[in-house]
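Just below is one structure, and these are the notes that go with it.
Chain A is the first sequence line, chain B the second, and so forth, proteins listed ahead of strands; every chain is numbered from 1.
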Amino acid sequence: MTTWLRVIASRLRAVVTRQRLDHEFDDELRDHLESLTEAYQAAGMSHAEARRAAVLKLGHPQQLREANRDHRGMPLLEAVAQDLGFAFRTLRKSRGFTVVAVLTMALGIGLCSFLFSFMNGFVLRAAPGMRDPSRLVALQAPVTYQYFESYRDRSRIASATAAFIGPAPFSVAVEGAGAAPERIFGHLVSPEYFSTLGVTPVLGRFFDPDSDPLGGAAVVVVSERFWRMRLNADAHAAGRTLRVNGRRATIVGVAQKDFLGVLPATAADLFVPVTANAAVAPELAGGVLHNTASSIFKVLLRLAPKVTMAAAEAALDAQTRQLDRQNGKRNPDRDKQGRVVRLVMAGGIVPTTPELRAFVVAGWGLIITLILSFTCANLAGLILARGSARGREIAIRLSVGASRSRLMRQLLMESVVLAIAGGAAGLAGAYGILNRPIPGLHVSAFPSGLVVTPDLRVALITLCISALAGAGFGLMPALASTRPDLVTSLKEISPASGIRYRRFGLRNLFMAYQMAAAMLLVLMMGFAIIGIERGANRSGPGFDTTGVYLFSVDPMRDGYSPGDSAALLADLPERLARVSGVDGATLAEPNAFSFMPPQLSAVSVQANPGDKETVHHVSLQKIGPGFFAALGLHVVRGVESGFRDLRSDSDTSAMLPVVINQSAAQQLFGSGDPLGRLIRQGDQIFLVAGVAQYEKSAVFQRASVPAVFLTFTMKDLQHGGPLVVVRVRKGVGFAPLRSEVKAIDSRLTMFDVQTMEKYLAQFNEALKYPTSIYGAVGMFALILACVGLAGVTAQAVVRRRKEIGIRMALGARRPQVLRLVMKEAAAMVLVGSVLGIAGAVVLVRLLIWASASFGALNPESMEPAQVVGPPLLLIAVAVIACYLPARRSSTIDPVSALREE
Amino acid sequence: MAQSKLDLLQGTLDLMVLRTLSALGPLHGYGIARRIEQVSGDEVLLNQGTIYASLVRLQQRGWISADWGVSNNNRRAKYYSLTKKGAKQLVAGTENWDRITAMMGRVLTMENGGGEE
């Protein structure tokens, strides 16, 4: 049973104590030989005769030694170690080659590992701190608490079910610590939340309905990192109090290490039970647990064993339809398949559907595979070139008895060493880049759970792929160069004539492939960049941004009641506008200046009074009074609402005055006068009071979007804090605004204070990042293709040296010779380009089709500039890359080329 | 040279070495080889060096152990001796061998024409 273990142990020991064992065996053999010699001498032989007979009898000592080593040690391992050492020595000898090869590999693998890290960070990595996250799913759309209770109590597809609201912002301060409150995010959770996710407390307890009844004392659970960073990992933290949104709340527990809530793209560091008082969490105002209109609860399910996601979706869909019928609700939000319920995977960092995940993995996998195969082809070409330069060395070694398998193993070992060295360098590079904050990702004391820094998984996969790639690109050259025609190799003096020149040989295949892959990559990356550029508009937001400041306040998080909060927000712009040095102040929706294209809503109008209503899609945006004035935009007709309108508005007013932009005026009313006309959205009727010159309802949106601007109502202002926009005169700065807010109420927390310029620059950065990644991939393809092509051409010239010499001796002139070499290179470039373009056309079609079904990007088609520009550039550069080494053909001296025979 | 050495079954030489050590006690490589040659009539070993492969194998399995000692003519020599495990293995190996030879004997000496119709 354990005999084989004992054997392995003994063999391993033998490897370690190799030298001593060698000596011992020598002693043993010597003793044996002498004993034999003595025996023969005793039988009457002379000493010399006896000695010879003894050697014959015993066997050749050297052979016995080798056999003994093989028997007692691990011959394969030792041979591999020898090959490894040999590989290092050989690579050290040819430094230039090694540097180029390792750099190529580092670039290729670095890029792949970079891309893979992103894929890993966004869709592959599981959220930390939870048990078996792969079984977690969530309903895509939020529901009411009653629906959740029905799922929890009456559905059999899940082993556990929980509801939560979030991520929700909280203003949090540790009581007694004297620190200012800070804004952190958290989840409002049903008691089942932690048990469904499979999280255990490191301290204290989680929530349960008995200890935490509806409207009971305010209790919270904090994340482990909050506990470490703000409570100094206090072992008695359970029982301490926090100020949460201005109210006292007792910490009852600390969650598991690394746990940042479910779907931690926005990390949750505070957990508040849904039974809490609305003063602690304004989201809970209005008795949301019993309110049949509050569809605000996200439902999490842990699938029961053996239940698939599809089965769960079907079951929940049926249950939801029944609930809808019972509640007399018509659910209009059916998707294409007629489902009212869609499930998403909830065990990751962001919610994904299996289809989206497959799409991302396939798409990025394809790019990674392309880059990898491209790098390999390049390196194979390099190694092949070197292999033929080493043709004589290999031929000599083969002829003195080296086995082909051993030679191949050595050659393979070299390429694997190269690959792993390159891979490690590439990984280190990717780590260096990704370990820095990425523009567009929010940076705070409590960073997001979205981490793209390469983790152990990425590192291991990268190194494995490197080694495999090494074996891959080393194999063909190794096969080719250990099969030389021995006689010719040895006879010829010219360094590289081992293999007969073949027009459609391996190296030309590599060349065409490199060209095709480079073309494909350049085109795809160009397509992606243009897709981003098209969605963006670098010309700015459409108004003068100098002196414009943005900040947010959220009075409800500072302890205000919803009514008081709305009143304060309604007053705030006017008070700020009266501060000296301030030109204007207003409110806007939190994402009013974001770079995402706006969502469009259906509205209906009568094109001319008395006509039938027609439906249009417009962007509906809420703005504060004096919005256009504050931003320096012109209201070309009519007026916008002033401060008075906001306070005087009543919710019963049937007709809200709105301002529309010029595209909306054009689209909705044609050439007619829009003022005083009505726009209907469902039961709500808007009255057009003004037309403004503001076509960019979203920053960076190139095309103008028809937009309808509604003024905030008092009711709107009861739901969370809007963006405050203030324009100040030159040299005034933000300080007076800060003191004014402080004067209004020192409890108010101002957050996300920044200039409009900085705010917009952040989007620019976020856009630049992917653009520069794609650009880098394209450049990489270009450079690598050139290096590869130049190498292959240079080698072709060397190989055809004799042929060229003969041609020149027979009267060919230099330009003719050059043409000869270039013709072949050009043919390969052309074949590769055509293949590459064809591949790109197919892939782009696929991408457009896929994007249409996921709404991921907004590419429409390839632009002519893109189809013609990059390929021409690439072809030009490729031809130059071939030309430079090809020129060397014309410097061949026919006499010396022929003398080498 | 002796052209046709016996083509031996795998492990046969190992069994011979075990038996030799069991019969003669601790012995060095030369002694074992010579003894096997004497007994087998020079039909087993291609050359005496072959014995060392067997000795390494047996040591690895823990069936024999080796110690340095001094030979009759005052040279340092490695002495191999049977371990307890080796003794057990010798018994098991011998039984197995007996079964094989008995079975082969029966099969190879069966009479002609006695098959079923």
Practice item. Given salt bridge (charged side-chain N to carboxylate O under 4.0 Å, His left out), test Glu78(A) with Arg18(A) step by step and report yes or no. Key: CA-CA 10 Å; Glu78(A) 287 170 76; Arg18(A) 180 185 165 127; 2.4 Å; yes
Exercise for review: Please step through salt bridge (charged side-chain N to carboxylate O under 4.0 Å, His left out) for the pair Arg65(A) and Asp22(A), ending with a clear verdict.
Suggested key: CA-CA 8 Å; Arg65(A) 247 175 242 138; Asp22(A) 275 351; over 6 Å; no
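- In this structure, the portions of Asp31(A) lying under 4.5 Å from any heavy atom of chain B include both its backbone and its side chain.
- Other residues, nucleotides and ligands place more than 12 heavy atoms under 6.0 Å from the CZ atom of Arg11(A).
- Both the backbone and the side chain of Glu24(A) come within less than 4.5 Å of a heavy atom of chain B.
- Using a 4.5 Å heavy-atom cutoff, the side chains of Met105(A) and Leu379(A) are in contact.
- Judged by distance alone, the side chains of Ser10(A) and Arg13(A) never bring a donor and an acceptor atom under 3.5 Å apart.
- Contacts between Leu58(A) and chain B at a heavy-atom distance below 4.5 Å involve backbone atoms as well as side-chain atoms.
- Taking Asp70(A), Asp27(A), Asn68(A) one by one and counting their heavy-atom pairs under 4.5 Å with chain B, the maximum is reached by Asp27(A).
- Proximity to chain B (any heavy atom under 4.5 Å) is shown, for Leu36(A), by both the backbone and the side chain.
- Only the side chain of Glu37(B) comes within contact range of chain A, with at least one heavy atom under 4.5 Å from a heavy atom of that chain.
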